[in-house]
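Following: one structure in structure tokens, then a few remarks.
Values below: every heavy atom of this structure, side chains too, minus hydrogens, waters and symmetry copies. For ligands, and for the atoms within them, numbers begin at 1 and follow the listed sequence.
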Amino acid sequence: MTTDAPDGTAELSGRGRQNQIYSAGVFGRSPSVPTDFDELERRARRAMTARAWAYIAGGAGRGSTMDANRRALDSWAIVPRVLRDVSTRDISVELFGQRLPAPLLFAPVGAGALVHDDADAHIGRAAAQLGVPYIFSNQGCVPMEKTAQVMDAIRPGSPKWFQLYWSTDDELVYSLVARAEKSGAQAIVVTLDTTMLGWRPQDLNIGSLPFARAEGIDQYTSDPRFMEIVAERVANPVGVRPTVELTIGAVRSLFSMARNVPGSLLRNLVSPTPRTAVQTFLDIYARPSLTWDDVATLRDKTDLPVVLKGILHPDDARKAVEIGVDGVIVSNHGGRQIDGEIASVEALPGVVDAVAGRAKVLVDSGIYSGSDVFTVLALGADAALIGRPHMYGLAINGADGARDVVANIAAEFDLTLGLAGHTSVADLSRDALSYRGCRH
Ligand SMILES: Cc1cc2nc3c(=O)[nH]c(=O)nc-3n(C[C@H](O)[C@H](O)[C@H](O)COP(=O)(O)O)c2cc1C
Ligand SMILES: O=C(O)C(=O)c1ccccc1
């Protein structure tokens with residue numbers, strides 16, 4: 001089956017996408033982004049500043065978790081079946097009552113402004129054109145209301161979810177959740193693996209943290225509760241440690257941020273407010289003391305599906321189901337948090353078995369091609385999140401680049417599905433794979 005975007009420019013079916021690309025080729029036009037991950041990454045690196053590359057491509061420590069993510073995927077081989085009429089295929093899936101055109105989502109990625117102005121709005125546009133969900137990052141660069149508006153203008157009711165980092169201030173947490181509900185979010189994703197930032201040598205070695213330059217704090221500066229905390233701190237600076245020095249770039253971002261905030265406290269740049277906003281963000285964005293009780297409370301307070309991101313142990317998956325969450329995301333945050341961590345795909349079968357169909361199981365980290373998507377679905381995942389690849393597409397070719405990267409992965413998945421002898425996602429099981437063991 002073919003899924004056209006409203007403007008007719010993006011195809012998710014394998015043959016449709018191939019036809020688009022080959023037909024354009026006849027007129028000398030090449031695709032907006034490379035169609036394989038390695039070339040995509042090379043081109044993206046050339047399109048980015050060194051600071052953006054360090055943050056986006058970087059991982060924790062020596063990068064061994066990123067390597068493990070790839071190794072785990074590559075240790076499974078697809079075993080095709082033949083003569084089964086694969087002429088009509090359906091790659092759509094249902095998640096939380098909504099039919100999605102492909103088993104894919106745009107992962108939440110913070111500080112996208114490093115790559116593109118108003119990054120989140122452009123990714124929102126890409127996602128809306130495809131009808132694929134976009135999970136808004138809590139560390140995004142555009143207030144969620146604006147991204148939602150951009151998406152709904154393209155496709156009313158475009159699938160959108162909100163990713164939450166649990167702040168030390170519960171009132172801020174619930175203010176963000178209420179804004180997400182009002183913006184039309186269809187699920188709340190709580191990310192659990194970033195209660196502190198991992199040890200990231202690529203950023204550390206050049207002394208670069210986007211948030212310290214006010215890149216990636218727009219969900220906060222557009223929040224009334226957050227700005228109330230900032231105002232309190234400005235009025236009463238006792239105990240506030242100014243650990244952040246503002247650069248010219250930071251002042252520029254703060255200036256644009258001030259334009260976003262109604263009746264902004266930030267307008268007056270000679271005031272201590274911008275610096276306090278950055279420092280307040282760094283102080284309160286995450287609470288390492290978070291426990292299951294907090295998540296259970298959230299579960300009771302919102303009617304939206306709650307999805308936990310960063311689940312890798314089967315016992316945690318069982319506990320999540322027990323407290324009534326609707327889904328888990330098997331993720332090691334793209335290998336950015338712990339060096340030497342279990343690969344998502346290594347953890348996936350254990351989590352799928354523990355959940356036993358009682359909640360949705362999503363997965364991310366290193367899923368870069370249609371055959372990777374095939375592998376994780378055959379291992380029991382319901383859908384996969386795509387992180388760095390869509391940011392690389394954004395870096396190379398803006399919204400169209402982000403869209404086409406995800407369209408290409410969907411198209412390759414559709415072809416892989418058919419070539420392997422299957423016609424729908426529901427057909428897939430571990431029988432479709434053979435374990436070839438780790439090569440190390
Ligand atoms: C630059 C960058 C920023 C990220 N920011 C967030 C974030 O704000 N919230 C979150 O839950 N995950 C964040 N992640 C993790 C992604 O959601 C996802 O788990 C990861 O990118 C998947 O791995 P992949 O990049 O190999 O596809 C970020 C990842 C990257 C690369
Ligand atoms: O960079 C990230 O991966 C990320 O998710 C994050 C979250 C909070 C603060 C800094 C980074």
Inset, instruction - Of the side chain and backbone of L197, name the one, both, or neither that has a heavy atom under 4.0 Å from an atom of ligand 2. - result: side chain
Legend entry - is_close_aromatic(Y134, W161), centroid dist under 6.0 Å: no
Inset, instruction - Return a yes/no value for Y165: is any of its N or O atoms, backbone included, closer than 3.5 angstrom to an N or O of ligand 2? - result: yes
Legend entry - Numbering as shown, the atoms of ligand 2 that approach R336 to under 4.0 Å (heavy-atom distance): 1 (O), 2 (C), 3 (O)
Legend entry - Parallel, tilted or perpendicular: rings of F211 and F281 (30°, 60°): parallel
Inset, instruction - Give the residue and atom name of whichever protein heavy atom lies nearest to atom 31 (C) of ligand 1, and the separation in Å to one decimal. - result: R336 NH1, 3.4 Å
Legend entry - Modelled atom types, side-chain donor and acceptor of R179 and S222, under 3.5 Å: yes
Inset, instruction - Say whether A107, considering both its backbone and side-chain N or O atoms, lies within less than 3.5 Å of an N or O atom on ligand 1. - result: no
Inset, instruction - Heavy-atom contacts with Y55 under 4.0 Å: which atoms of ligand 2 show up? List them by number with element. - result: 1 (O), 2 (C), 4 (C), 11 (C)
Inset, instruction - Report yes if some heavy atom in the side chain of V173 is under 4.5 Å from a heavy atom in the side chain of L164; otherwise report no. - result: yes
Legend entry - Which residue and heavy atom of the protein sit nearest atom 7 (C) of ligand 1, plus the separation: Y165 OH, 3.4 Å
Legend entry - Flag if over 12 foreign heavy atoms under 6.0 Å of CG, D117: no
Legend entry - Distance, nearest 0.5 Å, that separates OG1 of T302 from CD of E181: 4.0 Å
Inset, instruction - Answer whether the closest heavy-atom distance between the side chains of E228 and E171 falls below 4.5 Å. - result: yes
Legend entry - Qualifying residue, where the test is side-chain contact (heavy atoms from CB on, under 4.5 Å) with I329 and the options are V190, T191, V307: V307
Legend entry - Least distance between heavy atoms, L377 atom then P103 atom: CD1-CG, 3.6 Å
Legend entry - For I56, the ligand 1 atoms whose distance to one of its heavy atoms is below 4.0 Å: 1 (C), 31 (C)
Inset, instruction - For atom 27 (O) of ligand 1, grab the closest protein heavy atom and report residue, atom and distance to one decimal in Å. - result: G387 N, 3.0 Å
Inset, instruction - May I ask you to check if ligand 2 and Q139 share an N or O to N or O distance below 3.5 Å? - result: no
Inset, instruction - Compute the shortest N/O to N/O distance between Y55 and ligand 1 and return yes if it is under 3.5 Å, no if not. - result: no
Inset, instruction - Between S365, G334, P108, G335, flag the one that comes closest to atom 16 (C) of ligand 1 by a heavy atom. - result: P108
Legend entry - Residue part near ligand 2, for R200, under 4.0 Å between non-hydrogen atoms: side chain
Inset, instruction - Check each atom of ligand 1 against the heavy atoms of T191 and keep those under 4.0 Å away; list them by number with element. - result: 10 (C), 11 (O)
Inset, instruction - Would you sort out whether L95 and L105 count as a side chain to side chain contact (heavy atoms under 4.5 Å, CB included), showing the intermediate values? - result: CA-CA 11 Å; L95 278 185; L105 299 92; 4.3 Å; yes
Legend entry - Protein contact to atom 5 (N) of ligand 1 [nearest heavy atom, distance to 0.1 Å]: G110 N, 2.9 Å
Inset, instruction - Taking only heavy atoms of Y285 into account, list the atoms of ligand 2 that are under 4.0 Å away from them. - result: 8 (C), 9 (C)
Legend entry - Numbered atoms and elements of ligand 2 in range of F211, under 4.0 angstrom, heavy atoms: 9 (C), 10 (C), 11 (C)
Legend entry - Donor-acceptor pair, side chain of R125 and main chain of V150, under 3.5 angstrom: no
Legend entry - contact_flag N138 ligand 1 heavy-atom lt 4.0 Å: no
Inset, instruction - State the atoms of ligand 1, each with its element, that fall below the 4.0 Å cut-off from a heavy-atom position in R388. - result: 24 (P), 25 (O), 26 (O), 27 (O), 31 (C)
Inset, instruction - Flag H333 as yes when one of its N or O atoms lies below 3.5 Å from any N or O atom of ligand 1, and as no otherwise. - result: yes
Legend entry - Heavy-atom pair of closest approach, residues A378 and A432: CB-CB, 4.4 Å
Inset, instruction - Please could you name the atoms of ligand 1 that K309 approaches to less than 4.0 Å, counting only its heavy atoms? - result: 10 (C), 11 (O), 12 (N), 15 (C), 16 (C), 17 (O), 18 (C), 19 (O)
Legend entry - Enumerated ligand 1 atoms positioned under 4.0 Å from heavy atoms of S331: 19 (O)
Legend entry - Residue portion contacting ligand 2 (non-hydrogen atoms closer than 4.0 Å) for H333: side chain
Inset, instruction - Pull out every atom of ligand 1 sitting under 4.0 Å from any heavy atom of S137, numbered as shown with elements. - result: 7 (C), 8 (O)
